[in-house]
Amino acid sequence: MAANSQGIQTLLEAEKEAAKVVQKARQYRVQKLKDARSEAAKEIEQYKAQKEADFKKFESDTSTSQTTIDTDKDEQLKKLDAEVKKNGPDVVEKIVSRVLKVNPELHRNLKKVEA
């Protein structure tokens, strides 16, 4: 019986050792998952910061372009206003003369119908 009891005791000790090994493996896996999550979070933050910087640069370049476009537009509008003031009366006079100039004639497709 002593040998039988000794065998059971050895099995119980082996089972305890196996439980310890399994527990260590679980802890190792949990730690690796935590490390992977924190590393992924760091990479995400770095990527986010880089994209934010790229966007800020693009935004500043675009706003500079918009300012240039606005100044060009204002200059062109001023030129057009000056042209309208300069040529406006002549254009109105030409339009009125064309409207009032009536040259009545029959349409070229109209044919005389004899009854």
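One-based numbering along the sequence shown. This structure is a prediction, so every number in the text was calculated from the model and none was measured. Quick note: numbers below take in every heavy atom, side chains included, and nothing from hydrogens, waters or symmetry partners.
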To the nearest 0.5 Å, what is the distance between [atom1] ([X]) and [atom2] ([Y])?
X: K94; Y: N87; atom1: NZ; atom2: CG; result: 8.5 Å
X: L100; Y: I95; atom1: CG; atom2: CD1; result: 12.0 Å
X: R29; Y: K34; atom1: CZ; atom2: NZ; result: 12.0 Å
X: K16; Y: K20; atom1: NZ; atom2: NZ; result: 8.0 Å
X: I69; Y: D74; atom1: CD1; atom2: CG; result: 12.0 Å
X: E39; Y: I44; atom1: CD; atom2: CD1; result: 10.5 Å

Next item on the list: Please name the pair of heavy atoms, one in V99 and one in V102, separated by the smallest distance, quoted to 0.1 Å.
Entry: O-CG2, 4.3 Å
Next item on the list: For D90, enumerate each residue passing the side-chain hydrogen bond (donor to acceptor under 3.5 Å, both in side chains) test, keeping only those at least two apart in sequence or located in another chain.
Entry: none
Note to self: As a quick check of understanding, evaluate side-chain contact (heavy atoms from CB on, under 4.5 Å) for Q76 and K73, giving each step before the final call.
What the structure shows: CA-CA 5 Å; Q76 289 177 356; K73 175 193 66 154; 5.5 Å; no
Margin query: Would you say Q31 and D35 are linked by a side-chain donor-acceptor pair, where the criterion is simply a distance under 3.5 Å?
Written below: yes
Residues 50-60 side chain polar contacts: donor-acceptor under 3.5 Å, at least two apart:
| from | atom 1 | to | atom 2 | distance (Å) |
| --- | --- | --- | --- | --- |
| S60 | OG | K56 | O | 3.4 |
| S60 | OG | K57 | O | 2.8 |

Notebook entry, point to check: Taking atom CD of E15 as the centre, does the number of heavy atoms from other residues, nucleotides or ligands within less than 6.0 Å exceed 12?
Noted result: no
